[in-house]
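So the structure is just underneath, and the comments pick up after that.
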Amino acid sequence: MSRLTELLRQARKLDPQLSADLEAEIVALTKRRSFGLVFESHQPEAVELPGRPVRRGDKVRVLLPRGGAEPWDRRLWRVARIKRVDGHRVAHLVELDADEPETQVAIVDALVVVAEFRDRIYPGLVETDRIEHRKDKPFHTVVNAENFHALEMLTYTHQESVDIIYIDPPYNTGGKFAWLYNDDFVDSDDDYQHSKWLAFMERRLRVARELLKPSGAIMVSIGDDEQHRLRMLMEQVFGVENHVAQLAVEMSTTSGPKTTNAQQGTIVKNVEYVLIYRKSAAFDTEVRHTPLYDGIEKWDANYPLWLNDDGTTESLYQRLDEEPSVREDIERFELVRESGRRQGTFVGAPGMDLLLAASGAAREFILNNLHRIGRTDTPPVSGRSVEVPVGRWVEHQTDGRTYRLTRSGKGKVWQIYTLDRNYRASDDYVSRFGRTVIRGDLWRGFHSDMGHVSNEGGVGFANGKKPVRLIRQLVKWANNSPEAVILDFFAGSGTTAHAVAAMNAEDGGSRRAIVVTNNELSKADRQATTAAGHRPGDLAWEERGVFESKTKPRLLNAFGEMSANAVFFNLTYEGPLSVRHNRAFERVAPMLWMRAGSRGRIITDLGEDGWDVAESYGVLANLDQSHEFVAAVAAKEGIVQVYIVTDDDSAFQMVCRELPEMVAPIRLYDSYLQNFEINTGRTL
């Protein structure tokens, strides 16, 4: 490597950026795996920023002429200078990433600024809508943004603060709902279809991991096409030891058009998958997971015992036979033995399904006596030597737990489980009280939800809309804390936020959803809107995007129905000098509010005094007013953070010493600027 190092040193003198790019590629090559998942690490993605003013030094693309037909020139250009010619701003452009760069001149209005993922970005947020119903509850946050840049923004507001991430990324099937990579649709004709998708996912997963608490977990929906690759990628990002589960979710049945294929011998697809990975072992030790239960309609013949209060046992079926109202139905439905020693008595287990389906008296008898109906199973070690008479039951206490024990006619001791331990409300599509079984990694019945999913939120969404119940149950199982923070950065129509709001409405919780989606147009809409003479940034273009036409109206409906609080934002791109000189405060302000817990109002104007205190945080820019500011913070309950705008470390420390002990001080704008400078150096 010494020769290579010397060549890089020489290159650094001639072209620092070229040298830096070469060094990054060399580092990537040295880390390349010989085994495991190996794929091309494609050039960083780029996102267009329509509406951002074009300035000298910007990276841009030349827009397709109005009414033109795709494909169009997607090369990147650097704005060398801008001049005014005949009343128009004209840009002189130099081609980027070319051996022999071309130059051209273009009207500024025909350009769109582009940010590549290796570029340093300084994000801000502009509020576009809000809905507020409860002053005592936090706000959900809905962000219109390229999700990689939104994730970078969240490294400032939510570093190691997210409990659960759920995402439903593009499945990369190469079909009509192809996904965009570098503003170009990737379909099955692309030789790099899979490696582009993996590079696309890896960049996001690595940043997402930083946002999870040590006790957090990520859950990713995926189909057959990329499931095996995604699992290997997630093991590389999160570690093999942090794999929790791979769920198979029944999203359809073999019916309709699938029936013809199945009859011809094709194995049709009925399931999709959810891959679950934890951040660390703390997910299992610090978080309580809630078991999910599926209903069972058929009677379990393993419950034949009846426990009497005097400690004796007998047959459940005999007791049913002796109950007058139940016996009447047994005879009515001819559920009696026709011959043998017990002729005329109830047939027992073979007739239970019919009896319980037809007899209200039998159902009522079972429900009223769940604690008396039992089955036998292996006893605890300490119970094997307990003296238990044959045909009776006793209670045995050990290690703070109580067990019921019985002895068979052959002398073996058994533990008794009563039916009341297995009766509860199920988590099925139609929840009901009855016998249940704990759900494993096969999640059945979600095909029933898919028949109604288009109605959820009152907004249709044909491209992979997931049912609210699925997200609710994933969150309920993983972390049902009423204070949990749930992130979805492939939000689509907004199902995750809808599900979280519904959970809060049901149990009074204060969970917070943070969801991100861009305003991307479908392939068909993009072609139609382009043919009509519109371009990104035009109102006619933007109003057809997924955020404006699907996510926002759907969530406004849902949040209104659930009486939830929510704020809608557009992500912006700020200049570091504007931030440092406090000229971008209004757009940085929502990030400060999010970092403090997304409660109450957002401080967007510090007024003449140069400070303000809201419900959960405060901001001080005029240090001459520090005593008044500290007094206001101390007098208000619920303040968790304060932001102090100063370049003077000693002045910052002086204010910190005066603050209440439970309030966390943060220095602006060093914390903000350093956060994104550090993130720029990440290896993606």
Side-chain angles (χ1 to χ4, degrees), residues 124-145 147 150 153-154 157-158 162 164 166 453-461 465-468 471-472 475 482-519 539 542-543 545-572 586-587 589-605 614-617 638:
L125 294 170
V126 172
E127 183 176 324
T128 61
D129 215 329
R130 96 169 23 222
I131 182 170
E132 183 172 3
H133 291 95
R134 297 279 302 273
K135 297 289 186 183
D136 61 327
K137 295 292 185 180
F139 285 74
H140 304 296
T141 307
V142 186
V143 183
N144 174 15
N147 62 7
M153 181 268 292
L154 291 169
T157 64
H158 284 79
V162 174
I164 295 295
Y166 169 79
V453 73
S454 61
N455 298 323
E456 293 181 348
V459 175
F461 188 66
K465 190 176 182 181
K466 291 295 185 291
V468 166
I471 312 305
R472 288 187 62 167
V475 173
E483 304 290 332
V485 177
I486 298 98
L487 168 64
D488 181 352
F489 53 89
F490 282 100
S493 68
T495 301
T496 298
H498 188 162
V500 173
M503 295 177 76
N504 286 342
E506 183 175 276
D507 64 12
S510 297
R511 300 171 187 84
R512 280 179 286 150
I514 304 169
V515 297
V516 180
T517 189
N518 60 22
N519 203 36
L539 178 61
E542 298 301 326
E543 67 184 9
V546 63
F547 180 86
E548 293 294 341
S549 67
K550 304 296 183 184
T551 316
K552 191 172 180 179
R554 185 254 178 98
L555 289 180
L556 285 171
N557 291 343
F559 293 148
E561 180 184 345
M562 307 297 174
S563 297
N565 301 335
V567 182
F568 296 78
F569 294 110
N570 286 342
L571 187 84
T572 65
E586 188 175 353
R587 293 178 295 282
M591 297 170 60
L592 311 183
W593 170 80
M594 288 179 66
R595 183 164 174 164
S598 304
R599 291 180 177 271
R601 65 184 176 89
I602 302 173
I603 299 172
T604 56
D605 186 352
E615 285 78 358
S616 61
Y617 75 109

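Side-chain atoms of Glu615 come within 3.5 Å of backbone N or O of Arg601 as a donor-acceptor pair. Distance alone, capped at 3.5 Å, is enough to place a donor-acceptor pair between the His140 side chain and the Ala513 backbone. Although no hydrogens or angles enter the test, the distance criterion places a donor-acceptor pair under 3.5 Å between the side chain of Asn557 and the main chain of Gly457. Here the side chain of Trp593 pairs a donor or acceptor atom with the backbone of Gly600 at under 3.5 angstrom. A side-chain donor-acceptor contact under 3.5 Å links Lys465 to the backbone of Val453. Between the side chain of Ser493 and the backbone N or O of Lys550 there is no donor-acceptor pair closer than 3.5 Å.
The closest side-chain heavy-atom distance from Phe489 to Leu154 is not below 4.5 Å. A heavy-atom distance below 4.5 Å is not found between the side chains of Thr141 and Val567.
Side-chain contact check for Arg587 and Thr572: no donor-acceptor pair (N or O, by modelled atom type) lies under 3.5 Å. Under the 3.5 Å distance criterion, with hydrogens and angles disregarded, no donor-acceptor pair is assigned to the side chains of Asn519 and Glu548.
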Let me check something: any side-chain donor-acceptor pairs from residues 500-508 under 3.5 Å, sequence neighbours excluded? List them with distances.
from	atom 1	to	atom 2	distance (Å)
Asn504	OD1	Arg511	N	3.1
Asn504	OD1	Arg511	NH1	3.0
Asn504	ND2	Arg511	O	2.9
Glu506	OE1	Arg472	NH2	2.9
Glu506	OE2	Arg472	NH2	3.2
Asp507	OD1	Gly509	N	2.9
Asp507	OD1	Arg511	NH1	3.1
Asp507	OD2	Arg511	NH1	3.3
Asp507	OD2	Arg511	NH2	2.7

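Among all heavy-atom pairs drawn from Glu483 and Arg599, the shortest one is OE1-NH2, 4.0 Å. Scanning all heavy atoms of the two residues, the minimum distance from Ser563 to Arg134 falls at O-CG, 3.9 Å. Between Ile131 and Phe139 the shortest heavy-atom distance is O-CE2, 3.9 Å. Taking all atoms of both residues into account, the shortest heavy-atom contact from Val515 to Ala491 is CB-CB, 3.7 Å. What you find for Arg554 and Gly494 is that their closest heavy atoms are NH1-C, 4.0 Å. Across all non-hydrogen atoms, the minimal contact from Tyr617 to Ile603 is OH-N, 2.8 Å.
To the nearest 0.5 angstrom, Arg512 atom CZ is 5.0 Å from Ser598 atom OG. Note that NE2 of His158 is 9.0 Å distant from CE of Met153, once rounded to the nearest 0.5 Å. From Leu555, atom CG reaches atom OG1 of Thr495 across 8.5 Å, with rounding to the nearest 0.5 Å. The distance from the OG1 atom of Thr157 to the CD1 atom of Ile514 is 6.0 Å, given to the nearest 0.5 Å. Atom-to-atom distance recorded for Glu127:CD and Leu125:CG is 10.0 Å, nearest 0.5 angstrom. Rounding to the nearest 0.5 angstrom, the gap separating the CG atom in Asn518 from the CG atom in Asn144 is 7.0 Å.
Between Phe547 and Phe568, the ring planes are perpendicular. Angles over 60° get that label, and only those under 30° would be called parallel.
Of the residues Lys137, His133, Glu132, the one that meets the side-chain contact (heavy atoms from CB on, under 4.5 Å) test with Lys135 is Glu132.
Looking at residues two or more places apart in sequence or on another chain, you find a side chain to side chain contact (heavy atoms under 4.5 Å, CB included) between Ala145 and Val143, Ala150, Val516, Leu571.
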- Message: Go through it in stages, so that I can follow the logic: the residues are Lys466 and Asp488, the test is side-chain contact (heavy atoms from CB on, under 4.5 Å), and I'd like the CA-CA distance, side-chain angles, deciding distance and then a yes or no.
- Response: CA-CA 13 Å; Lys466 291 295 185 291; Asp488 181 352; over 6 Å; no

